[in-house]
Amino acid sequence: MCGIVGYIGEQQAAPILLSGLARLEYRGYDSAGIAVYDGTEIQMAKSMGRLKVLEELTHQGETLPGCSGIGHTRWATHGCPSDTNAHPHFNQSGSIVVVHNGIIENYAKLKKNLQNKGYEFLSETDTEVLAHLLDHYYTDDPLAAIEQVMHRVEGSYALGILFKDHPQHIYAARKDSPLVVGHSREGNLIASDVPAMLQYTRKVYYIENEEIVRLSKDQLNFYNIDGEPVEKESTTIDWDIDAAEKGGYEYFMLKEIFEQPKAIRDTISPRLKDDDIVIQELGMTDEEIRQIKRIMIVACGSASYVGQTARYVLEGMARIPVEVDLASEYRYRNPIYEENTLTIIISQSGETADSLAALRDAKAHGSRILAVVNVVGSSIAREADNVLYTWAGPEISVATTKAYSAQLAAFYLLALKFSKVRGTLSEEEFQTLRRDLEQIPEQVEVLLGMQQKIQRFANRYLAADHMFFIGRGIDYAIALEGALKLKEISYLHSEAYTAGELKHGTISLIEEGTLVVALATQEALYAKTISNIVEVKSRGAFVMAVTNFGHKEIEKIADYVIYIPKTNSFFTNSLAIVPLQLFAYYVSLGKGLDVDKPRNLAKSVTVE
Ligand code: AGP
């Protein structure tokens, strides 16, 4: 939700800010803006629409000369996308300018107080409150003003601030929204995420909650909310900028779909040791694993659908009761905390506000927290007791694919590990499953070879109004993700239903030609799902079935069949999801939509 950048150094700031914003557009893209100190004044340019509008407006940054500045790409929360609501926001005299990612929850009250003091507001944003509040507290000490503002505001923020009277510095601060600081010989940078600065430096500092950083062209000073200096260690980023580039693919989503074999391999390989599974990062002794009474999985969106699959896998293999909750519901439902409950938070970004809040709630109630996270050093990773990283690399497309697959792989590892320690699988079963797990990356590669076949099929459904995805057990979890992929990037109404539940109401929506995607990968439930396919077929549905290689007889019922390579039923999600991702991709592409940046969405949901 929104991306912020900042630069101070020897070079022209505007082009650096624009190139940083280009790498953060996945966080929001309804408007963008930059502000640069030109040696006398702070100049600003901002506009509604994608970043390219701002690039054109500023002639790629040329119209805003100067060596220090801040920038923003927006996902609207307070006030619709517009030139006025776009960031940066000034104080009244134009001497302080702010960019902000997050939500100021008490902004209405603060705004009223400031209005009573004579401050005039131009925008509908919560951010403008920060600019005026800074002005209110500012004497001649930017740090002191920032501290006071941080004490007054409630909510979340990552801020970039420029003071006209102190042009040798830019300031940044954070609470519950991500912020990284980069140090290079040519200058210092701030950004919401590492890819925005990778072109200039690999040396980064992660800012903790309620910390402030003051950047000059060759120095970084860190402070806590009370202005006391804080010492920080730098981290060296070891992945390459190429990982965050399209690399010849038309869209990041397609590139990321094709990166899935690697993402899965990179996630499982380091943890496969000899005949065993070793997950050092778990930080749990065998005795602690044996003591687990319950697992609570909490996540949002696709990550929660990984949780749905994980429930079947963990319960089925390790015989541990598992509950799965949507983080946005969990945090307000007053859950019952029991001893020996392991809470697992799943998040690609590691910054999802609801998941982070759920983590804190569970932690405050004494639960041990394991995070399954993709972004190293993210808030969820830092606050969990232990982190099992998914090594999917940077995921840029708003629709998750490779991170989803890597998360599934992480849970297979966990389930196998827990089963072994708790003795719920024989050695032979364990070794067979372990071998099946190792084969998944190659099997995904086979499915990626269906690209053209699926594109042809997808092109027939560009004008469809709605679609249904049905399945039972793990197949239902796959259906949930398949339907979400389609709706988020193709704007096509798609619903996932447990196949057995259709006849309790939803089947009335099936009519001649309605596309039903039927997942039938669970051997134990195959016959039951076939009956449900017959039910929709006889009401006129056109059925695309996804089933295991060998079930040829399904062709007598379904109109179109995709076979996935044989694997254990616990692992079929990793395979069956691939054609569904490609299907969603090609429907979106065929409709001429922006696949990577669907409307109304953002990659990282850092607001409630
Ligand atoms: C999936 O394609 C989505 N864009 C979305 O549902 C996402 O999975 C969800 O917002 C959770 O994000 P996280 O994994 O970064 O926490």
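When a ligand or atom number is given, it counts from 1 through the structure's own listing order.
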- Those atoms of ligand 1 less than 4.0 Å from some heavy atom in Gly301: 6 (O)
- Return yes if a side-chain donor-acceptor contact under 3.5 Å exists between Asn374 and Gln348, otherwise no. yes
- Query: For atom 16 (O) of ligand 1, what is the nearest protein heavy atom, given as residue, atom name and distance?
  - Reply: Thr352 OG1, 2.4 Å
- Item | Atom indices of ligand 1 within 4.0 angstrom of Ser349 heavy atoms, with elements | 13 (P), 15 (O), 16 (O)
- Just by distance, with hydrogens left out, do Gln522 and Tyr312 show a side-chain donor and acceptor under 3.5 Å apart? no
- What distance do Ile207 atom CD1 and Leu179 atom CG have between them, rounded to the nearest 0.5 Å? 5.5 Å
- Message: Among all protein heavy atoms in this structure, tell me which lies nearest to atom 10 (O) of ligand 1, with the distance rounded to 0.1 Å.
- Response: Val605 CG2, 4.0 Å
- Looking only at N/O atoms, are Ser355 and ligand 1 under 3.5 Å apart anywhere? no
- Contact atoms of ligand 1, heavy-atom distance to Ala399 under 4.0 Å: 2 (O)
- Note on the structure: protein heavy-atom neighbour closest to atom 5 (C) of ligand 1 works out as Ser302 N, 4.1 Å
- Note on the structure: Looking only at protein heavy atoms, what sits closest to atom 2 (O) of ligand 1 is Glu488 OE2, 2.4 Å
- Message: Between ligand 1 and Val398, is the shortest N or O to N or O distance under 3.5 Å?
- Response: yes
- Query: Is Glu338 paired with Arg294 through a side-chain N to carboxylate O contact shorter than 4.0 Å?
  - Reply: yes
- Query: Side chains of Tyr497 and Thr506: do they bring a donor and an acceptor to under 3.5 Å?
  - Reply: yes
- Close side-chain approach of Glu395 to Val375, heavy-atom, < 4.5 Å: no
- Query: To which protein heavy atom is atom 14 (O) of ligand 1 closest, and what is the distance rounded to 0.1 Å?
  - Reply: Gln348 N, 2.6 Å
- Query: Is ligand 1 less than 4.0 angstrom away from at least one heavy atom of Glu351?
  - Reply: no
- In terms of atom number and element, which parts of ligand 1 are under 4.0 angstrom from non-hydrogen atoms of Lys485? 1 (C), 2 (O)
- Item | Candidate list Glu256, Gln407, Glu259, test side chain to side chain donor-acceptor pair (under 3.5 Å), partner Lys402, passing option | Glu259
- Item | Nearest non-hydrogen protein atom, atom 9 (C) of ligand 1 | Cys300 O, 3.6 Å
- Query: Cut-off 3.5 Å, side chains only: do Ser379 and Glu351 have a donor facing an acceptor?
  - Reply: yes
- Message: Please determine whether the number of non-hydrogen atoms from other residues, nucleotides or ligands lying under 6.0 Å from atom NZ of Lys262 exceeds 12.
- Response: no
